[in-house]
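Accompanying notes for the structure given below.
A note on names: the letters A, B, ... follow the listed sequences, proteins ahead of strands, and every chain is numbered from 1.
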Amino acid sequence: MTAYLLAAADSAPGDPARRIVVPLDAAGLPAGRGTEVTAAQLPALVAAFQDNDPACRWVWEDTRVSYPELLRGGAEAVRCHDLGLSAQILRGAVPQAPAPLIPPRPAWISEEAPSQQDSLFDAPKTKGSTPQQLAAEYQRQLAALPQGPDGAKLRLLMSLDSAGALLAAEMNHDGLPWDRATHEALLERELGPRVPPGSRPARLADLAEQLKLLLDAPRMNPDSQPELLRALRRAGIDTASTRKWDLMEVKHPVIEPLMRYKKLQRLFTANGWGWLDAWLRDGRFHPDYVVAGVVTGRWASHGGGALQIPHDVRSAVRADPGHVLVVADASQLEPRILAAISADRELAQAARGTDLYQAIADRAFEGDRDLAKVAMLGAMYGGTTGPSAAMAPRLAATFPRATAFLEEAARTGERGGIVRTWLGRHSPAPGQAGGAATGPGGALGAPGGGGDPGPDLSDDAGFSDAEALAARRSSEAQARSFGRFTRNFVVQGSAAEWAECWMASLRTRLRRVAPRSRQVFFLHDEIMVHAHQDEAAAVQEAMTASAEEAARLLFGDIPVDFPVSIGQAQDYASAK
DNA sequence: GCTCAACGCGCC
DNA sequence: AGGGCGCGTTGAGC
């Protein structure tokens with residue numbers, strides 16, 4: 001298999017941007033001078049290379065920069081090696097390796113203002129990497145992979161993220177078919193006619209007036225959480241917050257209309273007419289996907305909340321005439337992944353067949369499926385309270401290897417350690433993780449080892465005993481929080497690898513068996529294909545076959561099933 | 001005028 | 001005292 005490096009060529013100021021394609025040998029070294037062409041000529045050249053060499057791989061710095069230009073020119077890459085994503089994988093996995101020769105990739109790239117980005121193809125004004133630098137980085141990455149199975153897994157992980165990046169660019173290019181009329185009819189039915197910016201639609205205005213009356217708070221703004229909370233308290237409602245969850249416990253005439261207000265307000269602000277104006281182009285929604293944008297390796301997205309489309313709004317996702325939406329999701333993916341990565345034979349047995357939770361229930365919970373589900377989810381998320389905690393011992397007795405695997409991951413995190421997914425993606429070090437998982441210790445210092453109570457701060461000037469105790473409590477709470485993070489990381493991250501493998505396998509398969517059908521959406525454990533009606537059956541078969549291939553590629557021949565449930569319909573809401 | 005944190009809720 | 005996200009609003013602070 002040949003690899004070709006695709007990079008921006010040096011060009012003199014004022015010259016049109018040029019691209020260069022350099023063949024690489026097996027070691028990743030340039031094998032020749034390469035071919036230099038204009039941007040407009042590039043898609044045809046890429047297609048010609050692939051016709052000659054259908055198994056070739058394109059090596060480039062950032063798929064999000066290089067690939068859209070090819071897609072716009074009508075060319076599709078068969079496979080690629082994304083140097084940025086691969087460097088990101090290596091950075092965590094092979095800390096002793098030399099530093100990358102290219103700068104870290106930006107979190108995301110704005111399509112609206114590409115000229116303001118330091119992107120690869122903005123040459124010559126920006127300091128883009130040279131072909132020589134990129135070839136050297138490719139060589140460095142191949143050399144940094146350890147020998148043996150760990151290296152092979154990391155290599156597979158790089159391939160998967162790279163394939164994901166190709167698909168992400170393709171799905172962004174094609175867009176998700178979206179019917180504005182259906183969406184607008186839904187908005188009008190729920191909210192009333194569209195109103196000018198700055199005012200509330202009729203239904204929201206009515207409900208707001210009702211809330212003010214019921215709470216006897218004529219000046220209250222229900223969109224202001226502090227004002228709402230004060231008004232609720234004044235009305236004698238004892239609630240910890242204005243959260244839906246807390247309010248459900250309360251008995252008061254205001255609760256029902258308040259819940260309705262919150263739901264409609266959410267629809268209005270997150271997926272209302274403004275959303276349509278901002279994100280819909282020519283009947284398609286074009287979200288920016290960020291491959292491995294989540295620390296666990298899951299995809300993230302920017303713009304329009306692509307991964308949080310509410311169920312009610314999904315009816316607006318509609319197939320074109322002559323097409324159908326085929327939607328598949330992996331059933332109970334995470335516990336099945338747990339069975340595979342922990343090699344728990346009993347859990348693997350339970351994972352044969354389509355209803356894993358019932359099988360767990362039959363083994364450990366006298367057939368109580370709900371209890372089994374709560375217990376299993378609690379074990380994977382680190383639940384420490386309620387029924388999930390109460391059922392933990394029974395789960396541990398029945399599935400000792402799986403529970404020990406999770407406990408080990410949690411203890412590693414509590415010590416401030418690092419865990420890895422099945423293919424070797426590493427968790428961030430404590431304090432490196434973005435968001436809530438800030439790691440144990442924090443500014444007060446991580447606990448040194450398991451059981452270490454931490455430094456005695458009471459000797460330090462300015463700390464009272466009470467402050468020292470509070471600091472220690474906070475430090476221990478942070479350690480437990482990081483333990484829950486690493487506990488979940490190993491499962492969520494490995495599941496993301498399986499799903500990306502499933503998705504990449506399907507991408508290859510569809511080009512063979514359903515060339516007029518396109519993958520248009522990917523949501524953690526769910527794939528949507530906009531299928532030509534003549535190909536819908538072939539798409540379904542491909543989805544099942546790809547799931548089997550993903551399991552085999554990741555885990556080999558193990559006795560764990562990964563069933564996918566598939567539905568098809570004209571719209572997304574009906575297809576699930 | 002801007003940025004940022006907190007809150008709350010949508011998805012898995 | 002349950003993991004991971006994105007995003008809209010409000011309100012505080014600069």
Show me the donor-acceptor pairs, under 3.5 Å and distance only, between side chains in residues 369-377 of chain A and residues at least two apart or in other chains.
unit_1, atom_1, unit_2, atom_2, d
A:R369, NE, A:D355, OD1, 3.1
A:R369, NE, A:D355, OD2, 3.1
A:R369, NH2, A:D355, OD1, 3.1

Please give, in whole Å, the distance from [N] [atom2] to [X] [atom1]?
X      : N     : atom1 : atom2 : value
A:Q308 : C:dG4 : CD    : C1'   : 11 Å
A:H302 : C:dG6 : NE2   : C1'   : 8 Å
A:W299 : C:dC5 : CH2   : C1'   : 15 Å
A:E407 : C:dG2 : CD    : C1'   : 14 Å
A:L395 : C:dG2 : CG    : C1'   : 15 Å
A:I309 : C:dC7 : CD1   : P     : 12 Å

Applying side-chain contact (heavy atoms from CB on, under 4.5 Å), name anything that partners [X], two or more places apart in sequence or on another chain.
X      : answer
A:R298 : A:V294, A:T296, A:E334, A:Q492, A:A496, A:H524
A:A208 : A:R200, A:P222, A:Y261
A:A163 : A:A504
A:T269 : A:Q265

Q. Does OP1 or OP2 of C:dG4 have a side-chain N or O of A:R298 closer than 4.0 Å?
A. no
(Q) Can you confirm if the aromatic rings of A:W422 and A:F555 lie within a centre distance of less than 6.0 Å? (A) yes
Q: Mind checking A:G303 for me? I need base, sugar-phosphate or nothing, with any heavy atom below 4.0 Å counting as a touch.
A: sugar-phosphate
Q: Answer with base, sugar-phosphate or nothing: what part of the nucleic acid does A:K262 contact at a heavy-atom distance below 4.0 Å?
A: sugar-phosphate
Q. Between which nucleotides of DNA chain B, 5' to 3', does chain A make heavy-atom contacts below 4.0 Å?
A. B:dC7 to B:dC12
Q.
Quiz question: going by heavy-atom distance under 3.5 Å, is there a donor-acceptor pair between the base of C:dG4 and the side chain of A:Q492?
A. no
Q) If the P atom of C:dA1 is compared with that of B:dA6, how far apart are they to the nearest Å? A) 16 Å
For [X], check side chain to side chain donor-acceptor pair (under 3.5 Å) against everything at least two apart and list the hits.
X      : value
A:T63  : A:W60, A:D82
A:K262 : none
A:R401 : none

Q: Specify the residues of residues 370-393 of chain A, ordered by number, for which at least one heavy atom lies under 4.0 angstrom from an atom of DNA chain B.
A: none
Q | Where at least one partner belongs to residues 161-178 of chain A, residue pairs that pass salt bridge (charged side-chain N to carboxylate O under 4.0 Å, His left out), sequence neighbours excluded | A | A:D161-A:R425, A:E170-A:R507, A:E170-A:R511, A:D174-A:R518
**Q.** Reading 5' to 3' through nucleotides 8-14 of chain C, protein heavy-atom contacts under 4.0 Å coded B for base, S for sugar-phosphate only, - for none
**A.** SSSS---
Q.
Parallel, tilted or perpendicular, judged at 30° and 60°: which one describes the rings of A:F521 and A:Y572?
A. perpendicular
